[in-house]
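In each ligand, atom 1 is the first atom listed, and ligand 1 is the first ligand listed. Start at 1 with the first residue, then count along the sequence.
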Amino acid sequence: MIPFLVSLIVMMSTPDTRVVEIHAKRFSFSPDTVTLKRGEHVTVRLISDDRAHGLLVKPLGIELDASPNAPDEISIVAPAQAGTYPAICDHYCGMGHGGMKMQFAVE
Ligand SMILES: [Cu+2]
């Protein structure tokens with residue numbers, strides 16, 4: 001008698017983690033608003049198009065530093081609470097640095 005072996009392969013579907021790419025360039029971020037769903041798992045990637053820039057959003061745990069050809073990224077879970085979270089460049093990049101801002105909208 002031939003042993004009957006059933007091999008069950010369950011494809012574990014890992015939840016798709018959306019990658020949000022943010023380009024930094026003197027003195028702005030593109031896009032300037034990123035919308036997240038509450039509780040969404042997302043990877044935030046900072047790409048610099050000219051020189052070193054930072055992206056800092058303390059309440060979301062985002063603290064990135066990117067240079068040309070050296071992007072930086074972090075995976076986060078968006079908060080359960082809707083709100084608007086301002087983001088700044090925290091790496092001095094020139095005269096317009098203080099106005100280099102964007103925001104995360106959680107809805
Ligand atoms: Cu800056």
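Arg45 places no side-chain N or O within donor-acceptor distance of the main-chain N or O of Val19, the cut-off being under 3.5 Å. Of the possible donor and acceptor atoms, one in the side chain of His97 sits under 3.5 Å from a partner among the backbone N and O of His91.
Of all protein N/O/S atoms, those under 2.8 Å from the Cu ion (ligand 1) are Cys89 SG, His91 O, Cys93 SG, His97 ND1, and waters are not counted.
Residues Gly39 and Val77 come closest through the heavy atom pair O-CG1, 3.6 Å.
Around the CZ atom of Arg51, the shell of radius 6.0 Å holds more than 12 heavy atoms that belong to other residues, nucleotides or ligands.
Side-chain contact between Phe104 and Ile62: present, with at least one pair of heavy atoms (C-beta onward) separated by less than 4.5 Å.
With sequence neighbours excluded, no residue forms a ring pair (Phe, Tyr, Trp, His ring centres under 6.0 Å) with His41.
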